[in-house]
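Here's the structure we're looking at; comments come further down.
FYI, side chains are in, hydrogens and waters are out, and symmetry mates aren't considered; it's all heavy atoms of this structure.
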Amino acid sequence: MSLLLAGLFISLTLGIYYLMKKIYMNIHHPLLVPIFTTSIILVVLLLLLQVPYEMYMVGGRWIDELLGPAVVALAIPLYDNRKMIRKNVVSIFISIFSGSIIGILSGVLLSVIIGLDDNLIASIAPKSVTTPIAMEISALLGGTPAIAAVYVMVAGISGTIFGPFLMRKATIHHPISIGIGFGTASHGIGTAKALELGTVEGALSSISLTLSAIFTSLLCPIIMAFL
């Protein structure tokens with residue numbers, strides 16, 4: 001029975017994603033980013049059919065397991081662009097470090113201004129890093145890991161949707177800058193978008209999501225202690 005459910009939900013997820021990607025390729029609108037539309041459709045279907053999240057994850061967890069190999073595969077564009085990365089290593093390092101600080105402060109300060117409680121602030125602080133690390137940081141700060149995971153998803157999807165528009169408005173056109181922006185602000189989801197734009201953008205985004213996770217892990221407790 002569990003194997004049947006796993007196959008059903010894996011096929012459902014992949015089928016919807018494939019369809020949404022086809023639509024996105026024909027109608028290139030930011031709100032039609034496949035990961036966003038697929039997530040919405042899956043949530044609506046599960047609610048309408050009253051399927052518990054735990055039942056869906058019988059199959060969904062196998063897709064989740066592929067995240068590890070997918071991240072490892074990002075080493076290919078890194079290797080292909082190693083000379084360019086070595087040449088710009090100082091500016092890349094400084095940019096990611098600065099972006100990590102801004103990523104923390106933007107969420108924390110806005111939360112303080114609108115009067116959110118300490119638990120929510122601690123859950124929002126690590127929003128710009130990949131989910132497992134954000135959940136660990138949130139727990140360390142006294143937040144709720146599950147809520148942190150939601151904010152990570154929001155940061156990733158919103159960055160993918162609005163990132164290209166904001167970069168055009170800010171006249172950011174250099175592939176290194178674009179890659180760092182997506183990786184630092186929108187982690188793995190942003191990196192997938194960066195890879196759509198080019199291998200240099202994808203390579204820099206993969207570096208950024210890794211280093212920003214390290215920087216955020218170190219900086220979050222320090223910044224939260226001052227606030």
- Query: For S208, what residues pass the side-chain hydrogen bond (donor to acceptor under 3.5 Å, both in side chains) criterion, not counting sequence neighbours?
  - Reply: none
- Message: Just verifying a value: how many Å separate T38 OG1 and I41 CD1, rounded to the nearest 0.5 Å?
- Response: 6.0 Å
- Query: What pairs of residues pass the salt bridge (Lys or Arg N to Asp or Glu O under 4.0 Å) test when at least one of them lies in residues 169-194, not counting sequence neighbours?
  - Reply: K193-E196
- Query: Hey, what else clusters with I178 if you join Ile, Leu, Val, Met, Phe, Trp, Tyr whenever side-chain heavy atoms sit under 4.5 Å?
  - Reply: M167, I172, F182, L197
- Partners meeting ring-ring contact (aromatic ring centres under 6.0 Å, His included) with F93 (sequence neighbours left out): F215
Side-chain donor/acceptor pairs under 3.5 Å, residues 131-148, sequence neighbours excluded:
from: S138; atom 1: OG; to: T144; atom 2: N; distance (Å): 3.3
from: T144; atom 1: OG1; to: N119; atom 2: OD1; distance (Å): 3.1
from: T144; atom 1: OG1; to: N119; atom 2: ND2; distance (Å): 3.1

- Item | With sequence neighbours excluded, residues passing ring-ring contact (aromatic ring centres under 6.0 Å, His included) with F162 | none
- Residues which pass side chain to side chain contact (heavy atoms under 4.5 Å, CB included) with Y79, listed by chain and number, not counting sequence neighbours: R82
- Task: Could you tell me which residues satisfy ring-ring contact (aromatic ring centres under 6.0 Å, His included) with F9, sequence neighbours excluded, listed by chain and number?
- Result: Y56
- With H28 via ring-ring contact (aromatic ring centres under 6.0 Å, His included) - residues at least two apart: Y24
- Task: Take atom CG of D118 as the centre, draw a 6.0 Å sphere, and report whether it contains more than 12 heavy atoms from other residues, nucleotides or ligands.
- Result: no
- salt bridge (Lys or Arg N to Asp or Glu O under 4.0 Å) partners of residues 18-45, not counting sequence neighbours, each pair once: none
- Looking at I96, T216, T184, which hits side chain to side chain contact (heavy atoms under 4.5 Å, CB included) with L211? I96
- Output all residues satisfying side-chain hydrogen bond (donor to acceptor under 3.5 Å, both in side chains) with S106, sequence neighbours left out; order by chain, then residue number. K127
- Query: How about I76: does its CD1 atom have over 12 heavy atoms from other parts shown lying under 6.0 Å from it?
  - Reply: no
- Task: State, yes or no, whether a side-chain contact exists between I223 and L105 at a heavy-atom distance under 4.5 Å.
- Result: yes
- Given a cutoff of under 4.5 Å between side-chain heavy atoms of I, L, V, M, F, W and Y, with clusters grown through shared members, what are the other residues clustered with I94? V89, V90
